**Student:** 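The following block contains the structure, expressed as structure tokens.
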Amino acid sequence: MNIIYILGIAFALSIDAFAVSVIHGATAKDIKFKEAFLIAFSFGSFQAIMPFIGWSAGLLFKEHIQNIDHWIAFILLAIIGGKMIYGSIFGKEEKDNEYNRNKLNIFTLLMLSIATSIDALAVGLSFSIINIAIFFPVLIIGSVTFFVCLTGVYIGDRVGSMFGKKLEIAGGIILILIGARILISHIV
């Protein structure tokens with residue numbers, strides 16, 4: 001898998017964390033660099049750890065699923081992408097609740113980091129199925145998420161969360177297209 005696809009996956013995976021970062025930036029007062037850095041670091045770290053966990057789990061099952069691996073990768077990415085699109089269209093508004101009204105707390109940040117990185121777990125599993133070495137993608141995914149979220153906090157601080165849903169839809173479409181490309185490359 002070349003760098004373009006890995007960057008596409010990294011950006012798509014970072015959309016949920018970006019949306020949360022923008023919302024925090026839009027609703028928090030007096031954003032300090034330390035707080036923005038902590039948010040970005042937490043989201044980036046979890047986005048890097050989860051694909052590694054998924055990839056490791058995939059290695060255990062690889063021999064049993066080699067003949068259908070491309071279908072599994074496609075289905076996983078299509079489900080994740082579809083979930084992102086569905087959630088942005090039919091889901092609740094970004095949680096205008098405790099998280100948005102209160103200053104950042106570590107427990108909430110960790111829960112949000114886990115929740116926004118579950119998709120990365122499935123991506124890691126699909127990487128193991130299609131024989132992608134994990135270390136470079138993990139580095140790219142974590143780094144992209146870090147910078148996207150750091151930027152997101154400051155964008156939220158400046159312009160609010162006007163584009164969150166549109167970006168989530170775009171991220172879902174990107175994941176589905178990448179899954180389709182994997183499927184087509186194995187069928188043709």
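The structure displayed is predicted, hence computed values, not measured ones. Scope of the values below: all heavy atoms of this structure, side chains included, with no hydrogens, waters or symmetry mates.
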**Student:** When rounded to the nearest 0.5 angstrom, what distance separates CG in D16 from OG in S113?
**Tutor:** 12.0 Å

**Student:** Is there a side-chain contact between I9 and P137 (heavy atoms, below 4.5 Å)?
**Tutor:** no

**Student:** To the closest 0.5 Å, what do you measure between CG (L121) and CD (Q47)?
**Tutor:** 10.5 Å

**Student:** Please lay out, stage by stage, how L150 and F33 fare under the test side-chain contact (heavy atoms from CB on, under 4.5 Å).
**Tutor:** CA-CA 9 Å; L150 188 63; F33 178 77; 4.3 Å; yes

**Student:** Rounded to the nearest 0.5 Å, how far apart are CD1 of I39 and CG of L109?
**Tutor:** 6.5 Å

**Student:** Checking the side chain of S117 only, and the main-chain atoms of I114 only, is there a donor and an acceptor separated by less than 3.5 Å?
**Tutor:** yes

**Student:** So do M50 and L13 actually touch side chain to side chain, heavy atoms under 4.5 Å?
**Tutor:** no

**Student:** Which of parallel (below 30°), tilted (30 to 60°) and perpendicular (above 60°) describes F37 and F146?
**Tutor:** perpendicular

**Student:** Just verifying a value: how many Å separate I129 CD1 and L125 CG, rounded to the nearest 0.5 Å?
**Tutor:** 4.0 Å

**Student:** Looking only at heavy atoms, which two atoms of S14 and T145 are closest? And how far apart?
**Tutor:** CB-OG1, 3.5 Å

**Student:** Please round to the nearest 0.5 Å and tell me the distance separating atom CG of L183 and atom CD1 of I75.
**Tutor:** 8.5 Å

**Student:** Taking all non-hydrogen atoms of both residues into account, name the closest pair between S42 and L110 and its distance.
**Tutor:** OG-CD2, 4.2 Å

**Student:** From L38 CG over to F43 CZ, what is the distance, rounded to the nearest 0.5 angstrom?
**Tutor:** 10.0 Å

**Student:** Looking at every non-hydrogen atom in both residues, tell me the closest pair between G25 and I31 and how far apart they are.
**Tutor:** CA-CD1, 4.2 Å

**Student:** Would you find a donor on one side and an acceptor on the other, under 3.5 Å apart, between the side chain of S45 and the backbone of F41?
**Tutor:** yes

**Student:** Which atom names give the shortest non-hydrogen contact between G58 and S128, and what distance separates them?
**Tutor:** CA-OG, 3.0 Å

**Student:** Measuring only between side-chain heavy atoms, which start at C-beta, is I3 closer than 4.5 Å to I140?
**Tutor:** yes

**Student:** Using every non-hydrogen atom in the two residues, find where I134 and P51 come nearest and quote the distance to one decimal.
**Tutor:** CD1-O, 3.9 Å

**Student:** Hey, is the main chain of Y5 close enough, under 3.5 Å, to the side chain of N2 for a donor-acceptor pair?
**Tutor:** yes

**Student:** Work out which heavy atom in I141 is nearest to a heavy atom in A10; give both atom names and the distance.
**Tutor:** CA-CB, 3.8 Å

**Student:** Determine, stepwise, if the pair W55 / V138 fulfils side-chain contact (heavy atoms from CB on, under 4.5 Å).
**Tutor:** CA-CA 10 Å; W55 180 81; V138 161; over 6 Å; no

**Student:** Answer with yes or no whether the hydrophobic clustering places F11 together with L139; edges join I, L, V, M, F, W, Y residues whose side-chain heavy atoms lie under 4.5 Å apart.
**Tutor:** no

**Student:** Would F74 and I184 satisfy side-chain contact (heavy atoms from CB on, under 4.5 Å), going step by step from the backbone distance to the final call?
**Tutor:** CA-CA 9 Å; F74 169 70; I184 291 168; over 6 Å; no

**Student:** Do T116 and F46 pass the side-chain contact (heavy atoms from CB on, under 4.5 Å) test, and can you show the C-alpha distance, the side-chain angles, and the key distance before you say yes or no?
**Tutor:** CA-CA 8 Å; T116 58; F46 276 88; over 6 Å; no

